[in-house]
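Structure below; questions to follow.
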Amino acid sequence: MGPEDLDRFAELLADEDGISVCPVTMDLGHLHSIAPSELLEPFYVRLDHTATRMVYPQAAAEMRLLAQQVRNMSPEQILRVQTWSRCLYETLYHAIIFLSHDPFADSWQSVRIEIDPVNRRRGNREERVLGIMLFAWMMAWSAKQPFVTVEGIHTPDHPFVRNFVSAEGVVLSDLIRPNLHWPSSRESVGLQIADLAATIVHQAATQLSDATGAVSRFGKLMRSSHYGFARGPGLISPLPAPATEEATAVPYQPLFDVMQKRRR
């Protein structure tokens, strides 16, 4: 697709009320001086420690197996799995709030979550690890920023509430596990649309200038997003330090600015 085609695509999405674009961009530029082993070692240690805290032998054995599977993955694979998980968290968080009122309420009768796999072999290590780590990360993130339901919309008879909410809150296992699929992008129109949106975000996040129209195109696309302009392209970092988040955001100021000008 050429630039004009991507412009028309961004405008098309912006005209559709039932679409919410939630990009997630993992910035690795500030990690050039950190070895992958140093970056991921705390993560490995936490997994090992979790296995020792399991009460039942079977659970402990499963956690030890997971820890070994994670150590057998490349750093790129681990970061990709983390980014996938964050994408799903952001998508669900915003869809629950902004796409639950009529005429979108009935869409929660049937949920389908699709991930475009890098490894086409079914049951590969990334799929197995994501199937477990997805819930661990989402539970941790939702503890800090819980999924929000809206009084007056999420009533007891609402499909989302009936299907996925208990007295304790949103039941992630019911919402995600049976609805997670790994189709080829050739087979899924949804993934093809997501690929085009990701292309626009990637071009803007890597060029950070409007010499080719990349930043303006990003602004058009993000009219379809419920992100505030301060979220930019959904920046995340594998490092938890708040200072890192601020430093990471500085180069992306053109994207924040164009989002502020082109609010939804």
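Heavy-atom basis, side chains included; hydrogens, waters and symmetry copies ignored.
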Item to complete: May I ask you to test the Y93-W141 pair for a side-chain heavy-atom distance under 4.5 Å?
Response: no
Worksheet item: Between atom CG of L235 and atom CG of D27, what is the distance when rounded to the nearest 0.5 Å?
Response: 6.5 Å
Discussion item. For a quick test of reading the model, state the closest non-hydrogen atom pair linking A214 to S209 and the distance between them.
Written reply: CB-O, 4.0 Å
Worksheet entry | Ion pair R231/E90, N-O distance below 4.0 Å | yes
Response to the item:
Taken to the nearest 0.5 Å, the spacing of T83 OG1 from M26 CE works out to 3.5 Å
Discussion item. Go through it in stages, so that I can follow the logic: the residues are L180 and I115, the test is side-chain contact (heavy atoms from CB on, under 4.5 Å), and I'd like the CA-CA distance, side-chain angles, deciding distance and then a yes or no.
Written reply: CA-CA 8 Å; L180 187 60; I115 296 179; 3.8 Å; yes
Discussion item. Could you check whether H158 and S100, counting side-chain N and O atoms only, form a donor-acceptor pair closer than 3.5 Å?
Written reply: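 No - no donor-acceptor pair under 3.5 Å links their side chains.
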Item to complete: Please tell me if the side chains of S85 and M133 come closer than 4.5 Å, counting only heavy atoms from C-beta onward.
Response: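 When only atoms from C-beta onward are counted, M133 and S85 do not touch, as no gap falls below 4.5 Å.
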Worksheet item: What about L130 and Y44, same hydrophobic cluster or not, with Ile/Leu/Val/Met/Phe/Trp/Tyr joined at side-chain heavy-atom distances under 4.5 Å?
Response: yes
Fill in: Pair L40-R71, side-chain contact (heavy atoms from CB on, under 4.5 Å): steps then yes or no
CA-CA 9 Å; L40 295 173; R71 286 182 181 274; over 6 Å; no
Discussion item. Quiz question: by atom type and distance under 3.5 Å, do the side chains of T212 and Q203 form a donor-acceptor pair?
Written reply: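 There is no such pair (donor and acceptor under 3.5 Å, judged by atom type) between the side chains of T212 and Q203.
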Worksheet entry | Verify same cluster id: I19, V24 (apolar side-chain graph, 4.5 Å) |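 Yes, I19 connects to V24 through the hydrophobic network.
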Item to complete: Sort out for me which residue in L6, D7, L13 forms a side-chain contact (heavy atoms from CB on, under 4.5 Å) with L221.
Response: L13
Discussion item. Given 3.5 Å as the limit, does a donor-acceptor pair link the side chain of D5 with the main chain of G2, or not?
Written reply: yes
Worksheet entry | pair L208-V215: side-chain heavy atoms closer than 4.5 Å | no
Worksheet item: With sequence neighbours left out, which residue pairs that include part of residues 162-219 fulfil the ring-ring contact (aromatic ring centres under 6.0 Å, His included) condition?
Response: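 Of all non-adjacent pairs touching residues 162-219, those that pass ring-ring contact (aromatic ring centres under 6.0 Å, His included) are W84-W182, F160-F164.
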Discussion item. Let's go through F9 and K220 carefully: what are the C-alpha distance in whole Å and the side-chain angles of both, what is the deciding distance for side-chain contact (heavy atoms from CB on, under 4.5 Å) to 0.1 Å, and is it a yes or a no?
Written reply: CA-CA 9 Å; F9 170 79; K220 294 176 183 178; over 6 Å; no
Discussion item. Can you give me the closest heavy-atom contact between F256 and A249, atom names plus distance?
Written reply: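 Taking every non-hydrogen atom into account, CE1-O, 3.5 Å.
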Practice prompt. Can you see which heavy atom on V201 is nearest to which on P23, and at what distance?
Written response: CG2-CB, 4.0 Å
Item to complete: Can you measure from CD1 (I78) to CD (Q69) and round to the nearest 0.5 angstrom?
Response: 11.5 Å
Worksheet item: Less than 4.5 Å apart, any side-chain heavy atom of V189 and any of I193?
Response: yes
Discussion item. Would a single hydrophobic cluster contain both V111 and V150, if residues Ile, Leu, Val, Met, Phe, Trp and Tyr are joined by side-chain heavy-atom contacts under 4.5 Å?
Written reply: yes
Item to complete: With the side chain counted from C-beta on, respond yes when L92 and I176 share a heavy-atom pair under 4.5 Å apart, and no when they do not.
Response: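 Yes - at least one pair of side-chain heavy atoms lies under 4.5 Å apart.
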Discussion item. Looking at E62 and R64, is there a salt bridge between them, counting it only when a charged N and a carboxylate O are closer than 4.0 Å?
Written reply: no
Worksheet item: Going by heavy atoms in the side chains, are L191 and P183 under 4.5 Å from each other?
Response: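 Yes; the side chains approach each other to less than 4.5 Å.
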Response to the item:
Heavy-atom closest pair (G219 atom, R262 atom, distance to 0.1 Å) is C-CD, 3.4 Å
Worksheet entry | Least distance between heavy atoms, A10 atom then I200 atom |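 Taking A10 first and I200 second, the nearest heavy atoms are CB-CD1, 4.1 Å.
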Discussion item. Is it the case that the ring center of W137 lies less than 6.0 angstrom away from the ring center of F43?
Written reply: yes
Worksheet item: Just by distance, do the side chain of R162 and the backbone of D157 share a donor-acceptor pair under 3.5 Å?
Response: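 Confirmed, R162 side chain pairs with D157 backbone.
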Worksheet entry | SB check R80 E76 (cutoff 4.0 Å) |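 Salt bridge absent between R80 and E76.
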Item to complete: Determine, step by step, whether R128 and E126 satisfy the salt bridge (charged side-chain N to carboxylate O under 4.0 Å, His left out) criterion, reporting the C-alpha distance in whole Å, the side-chain angles of both residues, the deciding distance to 0.1 Å, and the verdict.
Response: CA-CA 5 Å; R128 298 197 304 271; E126 286 187 13; over 6 Å; no
Fill in: Distance-only polar pair, side chains of H94 and S20, donor-acceptor under 3.5 Å
no
Worksheet item: Less than 4.5 Å apart, any side-chain heavy atom of L28 and any of L79?
Response: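 Yes - at least one pair of side-chain heavy atoms lies under 4.5 Å apart.
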Fill in: Centroid-centroid under 6.0 Å between F98 and F104 rings
no
Item to complete: Treating Ile, Leu, Val, Met, Phe, Trp and Tyr as nodes and any side-chain heavy-atom pair under 4.5 angstrom as an edge, say whether L65 and L47 lie in one connected cluster.
Response: no
Discussion item. Measuring from atom CD1 of I96 to atom OG1 of T91, what distance do you get when rounded to the nearest 0.5 angstrom?
Written reply: 10.5 Å
Item to complete: For the residue pair D210 and S216, confirm or rule out a side-chain donor-acceptor distance under 3.5 Å.
Response: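 Yes, S216 and D210 have a side-chain donor paired with an acceptor closer than 3.5 Å.
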Fill in: T155 side-chain N/O to G152 backbone N/O, donor-acceptor pair under 3.5 Å
no
Discussion item. Any heavy-atom pair between the side chains of Q77 and Q82 that's under 4.5 Å?
Written reply: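 No. Closest side-chain heavy atoms not under 4.5 Å.
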Worksheet entry | Nearest-0.5 Å distance, NZ of residue K144 to OG of residue S142 | 11.0 Å
Worksheet item: Does atom CD of E4 have more than 12 heavy-atom neighbours, drawn from other residues, nucleotides or ligands, at distances under 6.0 Å?
Response: no
Worksheet item: Between E168 and S166, does any side-chain donor sit less than 3.5 Å from a side-chain acceptor?
Response: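 Note: E168 and S166 side chains meet the donor-acceptor criterion.
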Item to complete: Could you tell me the separation between the CG atom of L175 and the CD1 atom of I113, rounded to the nearest 0.5 Å?
Response: 5.5 Å
Practice prompt. Identify the heavy atoms of Q109 and P159 that sit nearest to each other, and give their distance.
Written response: NE2-CG, 3.7 Å
Discussion item. Is there a path of hydrophobic side-chain contacts, each under 4.5 Å between heavy atoms, that joins I153 and V148?
Written reply: yes
Worksheet item: Do Q192 and S185 have side-chain N/O donor and acceptor atoms under 3.5 Å apart?
Response: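 No - no donor-acceptor pair under 3.5 Å links their side chains.
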Practice prompt. Using atom types as modelled and distance alone, determine if a side-chain donor or acceptor of D116 lies under 3.5 Å from a backbone N or O of S184.
Written response: no
Practice prompt. Could you give me the CA-CA distance, side-chain angles and deciding distance for H226 and V21, then say whether side-chain contact (heavy atoms from CB on, under 4.5 Å) is met?
Written response: CA-CA 7 Å; H226 289 95; V21 175; over 6 Å; no
